[in-house]
Amino acid sequence: MEIILVDDDFFITTALKTILEADKDIHVAATGSTGAEAVALYRQYQPQVLLMDIRMQELNGLEASEQILSDDPEAKILLLTTFLDDEYIIRALKIGASGYLLKQDYQSILPAIHAVASGQTVFGTEITAKLPKLLSGSSAFAYQQYGLTQREYEVIQMVADGRSNKEIAEQLFLSEGTVRNYLSTILDKLSLRDRTQLAIFYYQHIRS
């Protein structure tokens with residue numbers, strides 16, 4: 001798979017390129033150091049995944065991502081940063097980035113790239129742990145347009161809050177088997193794979 005790598009730190013770019021190309025299935029087609037270069041390189045190469053820093057000159061990674069996704073809503077962008085910044089996380093979700101990882105979590109980068117390339121959404125454990133608190137005051141997404149019922153929406157909210165099947169069952173006065181059936185139906189309706197993707201979907205579709 002072809003990857004574009006954009007980071008304003010030359011040493012990080014070099015190190016990441018070495019790490020990525022140790023995987024025989026990955027080829028770094030080009031590298032850049034600014035958000036503007038990221039936009040241009042994406043248009044030129046149309047990579048399977050764009051791996052990009054957030055804090056950069058000209059355009060930051062979030063601004064570049066927004067431009068790219070405006071042109072190509074199917075673009076797969078994995079943001080990589082040293083900053084666990086609340087505002088960055090929320091904006092990354094809102095614009096539809098495919099993932100957000102901390103650079104310190106370097107062991108997760110290769111698996112995350114493969115997951116994003118296959119259509120999954122990947123947010124690091126530190127990020128997903130912050131989501132319920134960050135977005136607890138936001139209004140709910142328009143669930144009816146996805147063919148979801150009110151009860152299915154309630155289940156989704158609880159999954160997004162990190163509740164287990166047992167906790168959901170107790171709260172909604174259902175059996176755990178019924179909760180599992182609801183989850184299976186919800187995942188099928190939304191074409192999602194698991195609870196993590198469901199939680200991320202929920203937060204990405206919140207209406208402010």
Side-chain angles (χ1 to χ4, degrees), residues 1-23 25-106 108-124 126-128 130-131 134-135 141 191 197 200-201 203-208:
M1 100 183 57
E2 283 205 339
I3 302 294
I4 298 296
L5 172 59
V6 180
D7 195 296
D8 64 355
D9 187 320
F10 172 77
F11 295 104
I12 289 177
T13 302
T14 302
L16 285 174
K17 187 173 186 294
T18 300
I19 291 170
L20 297 179
E21 292 193 329
D23 186 320
D25 294 326
I26 291 178
H27 169 61
V28 178
T31 63
S33 59
T34 70
E37 287 182 344
V39 174
L41 289 171
Y42 184 86
R43 289 172 178 165
Q44 179 179 352
Y45 290 93
Q46 297 289 305
Q48 276 106 322
V49 179
L50 169 60
L51 182 64
M52 177 163 53
D53 188 20
I54 290 181
R55 289 194 178 180
M56 297 183 294
Q57 296 181 358
E58 296 184 39
L59 292 175
N60 66 39
L62 291 166
E63 292 167 337
S65 296
E66 198 160 17
Q67 283 194 24
I68 292 167
L69 287 163
S70 176
D71 292 340
D72 179 8
E74 301 301 316
K76 296 179 173 64
I77 302 173
L78 179 57
L79 295 167
L80 192 62
T81 181
T82 56
F83 302 98
L84 194 59
D85 186 292
D86 292 354
E87 183 180 348
Y88 288 171
I89 294 168
I90 293 172
R91 190 168 175 197
L93 286 164
K94 293 285 190 181
I95 65 179
S98 296
Y100 187 122
L101 293 180
L102 295 179
K103 291 179 182 177
Q104 300 91 307
D105 191 16
Y106 66 92
S108 297
I109 296 173
L110 274 173
I113 286 175
H114 284 287
V116 166
S118 69
Q120 298 181 50
T121 305
V122 180
F123 281 72
E126 299 92 341
I127 288 87
T128 54
K130 290 169 71 73
L131 293 180
L134 286 178
L135 300 171
F141 70 88
S191 299
Q197 286 196 346
I200 291 170
F201 173 91
Y203 289 123
Q204 284 181 325
H205 292 78
I206 283 176
R207 300 293 184 257
S208 57

Nearest-0.5 Å distance that lies between atom CG in L50 and atom CG in L79: 8.0 Å
Nearest heavy atoms of S108 and L101, plus distance in Å: O-CD1, 3.9 Å
Steps toward side chain to side chain donor-acceptor pair (under 3.5 Å) verdict (H114, D23): CA-CA 10 Å; H114 284 287; D23 186 320; 2.7 Å; yes
Side-chain heavy-atom pair Y88, R55 within 4.5 angstrom cut-off: yes
Side-chain donor-acceptor contact under 3.5 Å, Y42 with D72: yes
Distance in Å, I89 CD1 paired with L62 CG, rounded so as to fall on 0.5 Å steps: 10.5 Å
Minimum heavy-atom distance between L41 and A30, given as atom pair plus value: CD2-CB, 3.9 Å
Atom of A75, atom of L69 and distance for their closest heavy-atom approach: O-CD2, 3.5 Å
Main-chain N/O of Q48 paired with E2 side-chain donor or acceptor, under 3.5 Å: no
Residue pair D53 / D9, side-chain heavy-atom distance below 4.5 Å: no
Spacing of L93 atom CG and Y100 atom OH [to the nearest 0.5 Å]: 9.5 Å
Spacing of L78 atom CG and S65 atom OG [to the nearest 0.5 Å]: 10.0 Å
Any side-chain heavy-atom pair of L51 and V28 under 4.5 Å: no
Nearest heavy atoms of K76 and V116, plus distance in Å: CD-O, 3.0 Å
Heavy-atom side-chain contact between I12 and L80 under 4.5 Å: no
Pairwise side-chain contact, N60 with E63, heavy-atom cut-off 4.5 Å (strictly under): yes
pair I26-L110: side-chain heavy atoms closer than 4.5 Å: yes
Check: S70 side chain, E66 main-chain N or O, donor-acceptor pair, under 3.5 Å: no
From CD1 (I68) to CD (E74), nearest 0.5 Å: 14.0 Å
Rounded distance [0.5 Å steps], OG1 in T34 versus CG in D8: 9.0 Å
Polar side-chain atom of T121 near backbone of Q197 as donor-acceptor pair, under 3.5 Å: no
Closest heavy-atom pair and its distance - A117, M1: CB-SD, 3.7 Å
S33 backbone acceptor or donor facing E37 side chain under 3.5 Å: yes
Shortest non-hydrogen contact between T13 and L5, atoms and distance: O-CD2, 3.4 Å
